[in-house]
Structures are given as structure tokens and as C-alpha cells.
Amino acid sequence: MLSVARPMRIIASAGIALCFTGTAHSDTSDSEKESPWLLTPTVSADPKLGTTLGAVAGYIHKFDSESAPSLITSFGTYSDTDSYVGGVYGDTYFGADEHKLMFGYVNGKIRNEYDDFLGTGVSAKTEDNIESLFARYLNRIGDSHWYIGGQLIMSDYVVGADGIFDRILEQIGLTGFQSNGIGLVAELDDRDHNRNPTSGQHLVAYNVAYREGLGGEESFDSLQVNYSHYLKFGAKEHVLATNARGRWTHDAPTSGFSSLNMRGYTRGNYLGEHYSHINLDARFNIKGRWGASLFGGLGCLYSKVSACDDSDNLFPMLGAGIIFDLKPDAGIVLRLEYAAGKDDNEGYYLSLGQPF
């Protein structure tokens, strides 16, 4: 496991910085019709990136009566470290949910200031330039809950730092890369609601083959598996959501390593060849549109599985918050939460959607 004090790394994929699901039940009647428009602020704060303010604007539309509501959004954020990220994201369904199309574009610059950069005891500024484009298409296999398809990812990711620290980044391989990749995707989805699940399971497995022959600067492979299970409990039908995730790389440069991906930690601040975690997220229905969350998890960064026996490679997390059901028909919620990890890692979040 490699621990580095650097900004988060964004490479567009299935969960592009924002995710859209929900749990808190609503007292909205069937006769009421929600507005298809969505506008909400987002806020996050952590010791590495400072305070980040943003907004999400979206439009909800059903392409046919038997398909789930599709969602197209634009988003932007700005932090007190003079960092910014903006983009668009689409999560669409067609033909009675036989077809799924996801797409997105992200562009931004992330700057950080550190008092003890890489443990040198000297302050430094780091900078990430990011630009990513992705698309994923899935087609249902017969009348089953299985889907199969493919995806395309184009990523331009550049890391920089002031003076001698730029050379340090080069020596450890954190110089970023421009690389394009393609991959196959398999999905199992029998959830009772694609954005507001209270039961069922969801499995997504995909690879990305980054190749210089596709116009990139690096050739390496990654495999990711993401599994979630949802279980109702209690008289008010609260939900216990469980998520297990793993990402494994082969011949990846350091900038293409797997990152710790849990609330309470800054994405990209810890890297390893491979990454796995298990997270639990209890979602309680309190009253009407209001709910609460209690969550925790444990992640590991490793080159060999045996490395997870070492506590230095393990990353625990605990947190809690409140949930508001923003768009009941589409299953979109707001979550206001606090999460804490080890070594003074912590974060506050006002975010659209749940982590899985």
C-alpha cells in the first residue's frame, strides 16, 4: 500500500463522483405528479481538500411506460483550495428496461496545499488536471435479470507539484497518464427499485483494457467487481444495505493504482495495486420523507492478499447522518452525513444519492 498526500483522482466509470439511489419512504400519493426537474446543492469538507461547494441540476424522464425513470444531470463544484470540477452524467433506460445506457464527461483542476508533503516536513502545493469521458451500454439477456454489454473510457489525468516536489512525484510514478480503454460489462440486477432499493441484489463486474494502441500513453488492465445486497428489517421496513467491492490491476503505473474508496477518506490519498472493502449502510425510515443513516466499513489496499493482515493496510470507517427523500418517484435522496476513518481522516457531506 502506498500512502501519498495528493488530491483525489477521478477516472470516469460507472459511479462518476455522484451516485443516485434512495431509501426513505414518502407519503406522496399516486395522484401527485413530481416535477421532472431537479436542482440541489452539494457540500463536502475534509482535511485534504478543504470545503467544497457545488450544485446538481437534472431532468428526469421516462422513455416508455415500462422503463425506469432516466436521469440526466449536470454538476459543478468549487473548493476553498481553488479547485473545481464540472461535468454531465446520464443514467438512461429504454424498451421496458431491456436497454441501459450510461454516459458522462468530467473536466476540472484540483489543487491542494500540504504542511507535511509526503512526510518531508516541508509544505508544498499539488495539482491535478482531469478530463474524462465514458459510455456504457447494457442489453438484457432474454427475460432474466442479467445484462451484458461494453464500455469505453477516455481519460486524461495529469499530476503536478511545485519545484522539487514535482520531481518527487515523477520518481514514485505519480505523474498521471492519458489513456483510453475498452471493456466488457456483466450485470445482475433484481432490485425492487433501481435507485431506491429495499430488497434484492445488484452485481456489476467489468474490465478496462487501457492500451496505447487506442491513443493512450499507458497500457495496463483493471478488473472491478461491485456487489450490493438489500434487506428489509423492522416494523417500518428499514433497509440494511451491504456492499462488497474490489478493484485489481495488472501492469498499472502508480497513477493507475486502485484507490481507497470510502466515506471519511479522500479519494486518491491512499493507493495500492489492488483494493477491496466491505461496507454496511443501515437506512432508517423516521417519518414521511425523513430518514437516518448509520454506516461503517473496512477497506484494504494490497499487492498480495496476505498484506491485509497488517493493520497499516486496513482502513476502518464509521459514520451517521440524516436522509431526505427528494424525488420519491425517481428514488433520489439527499444525505447529510459525517464519516470518520483512522489517522484523523474525516469528512462532512451533503450529497445527492447514496453510496450504493
(Q) Show, in sequence, the C-alpha distance, side-chain angles and deciding distance for R111 and E127, and conclude whether the salt bridge (charged side-chain N to carboxylate O under 4.0 Å, His left out) test is met. (A) CA-CA 4 Å; R111 299 181 176 94; E127 180 175 291; 3.3 Å; yes
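- Both tests do not hold together for R136 against F103: distance to the six-membered ring centre under 6.0 Å, angle to the ring axis within 45°.
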Q. For I323 and E337, what are the C-alpha separation, side-chain angles and deciding distance, and is it a side-chain contact (heavy atoms from CB on, under 4.5 Å)?
A. CA-CA 9 Å; I323 303 173; E337 298 172 307; 5.6 Å; no
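- Between M102 and D91, the shortest heavy-atom contact is CG-OD1, 3.9 Å.
- In this structure, K236 forms no cation-pi arrangement with F284, as its terminal cationic atom is not both closer than 6.0 Å to the ring centre and no more than 45° off the ring axis.
- For the pair T77/L53, no side-chain contact is recorded, criterion being any heavy-atom separation below 4.5 Å from C-beta on.
- Side-chain contact between V106 and V85: present, with at least one pair of heavy atoms (C-beta onward) separated by less than 4.5 Å.
- For S132 against S155, the heavy-atom pair with the smallest separation is OG-OG, 3.4 Å.
- A cation-pi arrangement, defined by a distance under 6.0 Å to the six-membered ring centre and an angle within 45 degrees of its axis, is present between K342 and F315.
- Cation-pi geometry between R283 and F356 is satisfied (NZ or CZ under 6.0 Å from the ring centre, within 45° of the ring normal).
- Under a 3.5 Å cut-off, the side chain of N207 and the backbone N or O of S222 do not form any donor-acceptor pair.
- Within 6.0 Å of NE2 on H61 lie more than 12 heavy atoms contributed by other residues, nucleotides or ligands.
- The aromatic ring centres of Y78 and Y84 sit 6.0 Å or more apart.
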